[in-house]
Peer 1: 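Below you'll find the structure I mean.
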2 protein chains.
Amino acid sequence: MDLGERKRQILNSVISEYIVSAEPVGSRHIAKNLGLGLSSATIRNEMADLEEMGYLEQPHTSAGRVPSDKGYRFYVNELMSDYELNMKEMEMLKSMMQLSVGQMDKVLKTAADFLSQFTNYTAFMTSPEMKQGAIKTVELVPIDSGSMLIILVTNEGVMRNKRVLLPIQVSPEFIHRFSDVLKEKLSGMTLEEINLLKIQEIKEAMQEHFEILFPVIDFISEIIDDVRKETDVYVSGTTNIFNYPEYSDLGKAREFLEFLDDKQSVAQALMEPKKEEEEPEENKSKNKIRITIGKENGLDVMHSSSVVTANYYVGDRVMGKVGIIGPTRMDYSKAVAKLDRISNYLNKILNEFYYEDNKE
Amino acid sequence: MDLGERKRQILNSVISEYIVSAEPVGSRHIAKNLGLGLSSATIRNEMADLEEMGYLEQPHTSAGRVPSDKGYRFYVNELMSDYELNMKEMEMLKSMMQLSVGQMDKVLKTAADFLSQFTNYTAFMTSPEMKQGAIKTVELVPIDSGSMLIILVTNEGVMRNKRVLLPIQVSPEFIHRFSDVLKEKLSGMTLEEINLLKIQEIKEAMQEHFEILFPVIDFISEIIDDVRKETDVYVSGTTNIFNYPEYSDLGKAREFLEFLDDKQSVAQALMEPKKEEEEPEENKSKNKIRITIGKENGLDVMHSSSVVTANYYVGDRVMGKVGIIGPTRMDYSKAVAKLDRISNYLNKILNEFYYEDNKE
DNA sequence: GTTAGCACTCCTTTTGGTTGAGTGCTAACA
DNA sequence: TGTTAGCACTCAACCAAAAGGAGTGCTAAC
């Protein structure tokens with residue numbers, strides 16, 4: 001259904017205005033603001049039409065109009081213009097780029113922290129998913145006579161370690177030998193590929209102290225399993241929601257913060273639009289940035305919030321998502337622009353630093 | 001200054017009542033509630049005295065009385081009775097004890113999460129401080145031709161790792177050899193003890209590829225430094241504050257949540273009463289549980305909150321603090337009892353599992 | 001098709017009065 | 001001298017009514 005130029009302009013104007021003011025916008029305001037020499041009465045008629053079509057809503061009879069989810073959708077897909085970062089924002093961005101790179105988790109967390117400060121919304125970051133769960137390398141490190149450390153580096157550069165109490169006393173030298181055996185036998189394997197045959201192979205190679213093999217295998221599979229199903233979500237800048245009048249009701253704020261505190265459900269909310277193929281093409285914005293508006297989010301708590309996400313990569317494998325959560329009355333244009341910059345930069349760092357792992 | 005039995009009883013009654021009701025308590029209520037056959041008028045006189053002495057306050061002329069910080073202090077030190085966990089609470093505690101032990105961070109985080117659920121206040125946990133910063137063991141693990149992992153286990157069982165890009169190509173075998181050298185030379189050392197002589201020793205032992213020594217030393221000191229000054233605080237159950245009317249004002253809630261979000265200042269707030277010796281003995285409760293009430297906390301934001309902390313140990317070295325933060329109108333008796341149980345249990349786990357590291 | 005005019009709606013804010021819990025003080029009582 | 005009944009007073013909290021104002025829909029004229 002096409003809208004006609006004038007209706008588009010009016011809709012655009014209403015939404016843009018509402019995004020900054022958070023107050024229902026009236027016909028008079030639009031009439032003045034919009035350059036067209038139209039009277040408020042004309043605008044009023046058009047707005048009534050837009051409401052009938054579902055793009056606008058009226059909180060009550062004698063109030064101005066407010067965009068509906070459908071209105072925002074249209075705005076995002078058709079009306080919104082690209083936002084250009086201003087000088088100050090460029091400066092901020094630069095300051096982020098000077099952050100040092102260390103462990104991957106830290107890079108990701110720092111990026112999320114920055115994102116929340118930069119956009120003034122709540123930012124999130126899902127931790128790398130280990131889809132295939134292949135082992136890059138395993139290492140055993142003796143700590144003392146009774147315990148050792150298992151270190152496991154996966155395909156995607158994720159690292160985990162776990163301390164294991166030894167069922168029997170073995171020498172450090174033995175642990176080193178054992179470590180070498182494991183490394184040789186398990187490197188490149190996925191969890192599925194570690195079967196009885198493989199275990200037999202390892203057993204033969206280690207010659208003695210078989211008793212410690214099973215606990216080790218146990219721990220390895222546990223670790224991989226952990227990492228694999230770990231729906232870890234890091235959320236930053238939760239208190240930013242206090243900047244927006246939509247959360248000025250204590251109940252609302254509470255509900256939302258409790259939701260954000262429950263990593264489990266945040267993860268769920270973010271994972272939801274996984275049915276990528278079913279989703280209409282128009283819901284995607286350029287550069288793989290995806291916007292989910294209001295009720296498009298499954299969870300009830302999210303019905304008056306929007307989510308803007310981007311993926312991050314190592315090589316060309318999707319590792320996880322970065323994004324922001326804010327009220328549906330979000331400045332989508334700015335949000336997209338900022339997230340775009342940051343995710344690009346993040347990809348750059350990750351690939352410079354971790355790409356090695358995924359070569360070959 | 002002694003109070004006399006009756007005043008003590010009345011003060012106790014007022015505070016106990018206020019802790020559950022959060023409403024200013026009036027003379028009439030106390031007259032009825034307290035078994036003594038006194039009229040409200042008498043109570044009124046006594047309460048006026050208590051106010052004059054600074055134990056009680058009046059929000060406004062025609063309201064009941066509310067305890068002051070001084071009142072709470074007196075209550076905590078002199079009046080409060082030990083709280084006995086009831087059946088349901090015992091059950092909960094048991095369920096916590098079944099949690100599996102894995103990496104130390106996780107144990108600590110889980111304990112904090114549990115603590116917040118158990119007490120219904122906000123819980124915190126400071127990460128292990130590495131006071132001496134001695135190296136337990138160092139291990140280098142080749143990842144690929146261009147990089148390796150440095151793993152460092154400290155005295156207290158804290159583990160860190162960092163990936164290092166290699167300035168030159170070296171064989172995995174070399175890295176192993178190098179690893180053995182480092183382990184031999186550095187185990188048990190503190191950062192201060194790694195001096196030029198030591199470095200020379202290592203250099204001699206490694207024979208070739210000296211170029212990679214310095215980056216490694218660099219990283220080691222960086223890691224130790226990181227760990228040492230890392231004022232990491234983990235906060236759990238922030239949204240619990242919504243259960244208490246003192247935060248039912250949006251501004252208050254916001255202020256407090258923003259404070260909790262800023263790990264830096266939380267750390268500061270918790271570290272403050274470090275001048276242990278100066279502190280009057282009475283501020284300490286039995287079993288090393290420390291209570292800081294209202295304005296006793298340095299930071300402004302904390303002026304209407306109280307903090308209850310305990311230390312946790314490995315061996316008999318203090319590793320960090322666990323505790324809870326709540327309104328000054330906190331149920332101190334319950335809070336102390338619960339924290340006591342949990343910190344004891346935590347110590348048990350930590351010592352069973354990590355004590356090895358600190359033997360010898 | 002556009003617009004001026006006007007009655008109408010309904011939220012928001014203000015105002016003022018009422019209620020009730022609780023106090024301090026005084027005077028009488030044991 | 002300590003305790004108590006009585007009473008005037010204070011002040012937050014609640015409620016209802018009134019005023020204000022932004023914005024609409026509709027009608028009639030341009």
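Convention: sequence-line order gives letters A, B, ...; per-chain numbering from 1.
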Peer 1: Should A/Lys252 and A/Glu246 count as an ion pair when the cut-off is N to O under 4.0 Å?
Peer 2: no
Peer 1: What are the 5'-most and 3'-most nucleotides of DNA chain C lying under 4.0 Å from any heavy atom of chain A?
Peer 2: C/dT2 to C/dC11
Peer 1: Identify all pairs in which a protein N or O lies below 3.5 Å from an N or O of nucleotides 15-17 of chain D, and state each distance.
Peer 2:
none

Peer 1: Would you compute the distance between atom CD1 of B/Ile293 and atom NE2 of B/His303 and round it to the nearest 0.5 angstrom?
Peer 2: 14.0 Å
Peer 1: Should B/Arg73 and B/Glu78 count as an ion pair when the cut-off is N to O under 4.0 Å?
Peer 2: no
Peer 1: Drop me the distance from B/Asp331's CG to B/Tyr83's OH, to the nearest 0.5 angstrom.
Peer 2: 7.5 Å
Peer 1: I need the B/Ser333 OG to B/Leu79 CG distance, nearest 0.5 Å.
Peer 2: 11.5 Å
Peer 1: Can you check ring-ring contact (aromatic ring centres under 6.0 Å, His included) on B/Tyr244 and B/Tyr121, steps first, answer last?
Peer 2: CA-CA 9 Å; B/Tyr244 304 99; B/Tyr121 296 111; 5.1 Å; yes
Peer 1: Let's see if you get this right: which residues in residues 9-31 of chain B place a heavy atom under 4.0 Å from DNA chain D?
Peer 2: none
Peer 1: Hey, could you give me the CD/CZ distance between A/Gln268 and A/Phe259, rounded to the nearest 0.5 Å?
Peer 2: 8.5 Å
Peer 1: Using whole Å, what does the distance between atom P of nucleotide D/dG2 and atom CD of B/Glu46 come to?
Peer 2: 10 Å
Peer 1: So, B/Ser39 versus B/Thr42: side-chain donor-acceptor pair below 3.5 Å or not?
Peer 2: yes
Peer 1: Pairing of DNA chain D as dot-bracket, 5' to 3': ( ) intra-strand, [ ] crossing, | other strand, . unpaired, with Watson-Crick or G-U pairs under 3.5 Å?
Peer 2: ||||||||||||||||||||||||||||||
Peer 1: Kindly give the atom pairs (protein nitrogen or oxygen, nucleotide nitrogen or oxygen) under 3.5 Å for nucleotides 10-14 of chain D.
Peer 2:
from	atom 1	to	atom 2	distance (Å)
D/dT10	O3'	B/Thr61	OG1	3.2
D/dT10	O2	B/Ser62	OG	2.9
D/dC11	OP1	B/Thr61	OG1	3.1
D/dC11	O4'	B/Ser62	OG	3.1
D/dC11	O2	B/Ser62	OG	3.4

Peer 1: Using side chain to side chain contact (heavy atoms under 4.5 Å, CB included) as the criterion, point out the one residue from A/Leu339, A/Leu85, A/Asp113, A/Ile324 that pairs with A/Phe118.
Peer 2: A/Leu85
Peer 1: Ignoring hydrogens and angles, tell me if any N or O in the side chain of B/Ser13 forms a donor-acceptor pair with the backbone of B/Gln9 under 3.5 Å.
Peer 2: no
Peer 1: Shortest non-hydrogen contact from A/Tyr247 to B/Leu250?
Peer 2: O-CD1, 4.2 Å
Peer 1: Considering only residues two or more places apart or on different chains, which pairs with a residue in residues 56-68 of chain B satisfy side chain to side chain donor-acceptor pair (under 3.5 Å)?
Peer 2: B/Glu51-B/Arg65
Peer 1: Look at B/Ser39 and D/dT3 and indicate whether a side-chain polar atom (N or O) is within less than 4.0 Å of OP1 or OP2.
Peer 2: no
Peer 1: Starting from P on D/dA22, measure out to CE on A/Met47 and report it in whole angstrom.
Peer 2: 16 Å
Peer 1: Would you tell me whether A/Ser236 and A/Ser116 have side-chain atoms, one donor and one acceptor, within less than 3.5 Å of each other?
Peer 2: yes
Peer 1: Is it the case that the side chain of A/Asn243 and the backbone of A/Asn240 share a donor-acceptor pair, with hydrogens and angles ignored and the cut-off at 3.5 Å?
Peer 2: yes
Peer 1: Do the side-chain N and O atoms of B/Arg44 and B/Ser27 include a donor-acceptor pair separated by under 3.5 angstrom?
Peer 2: yes
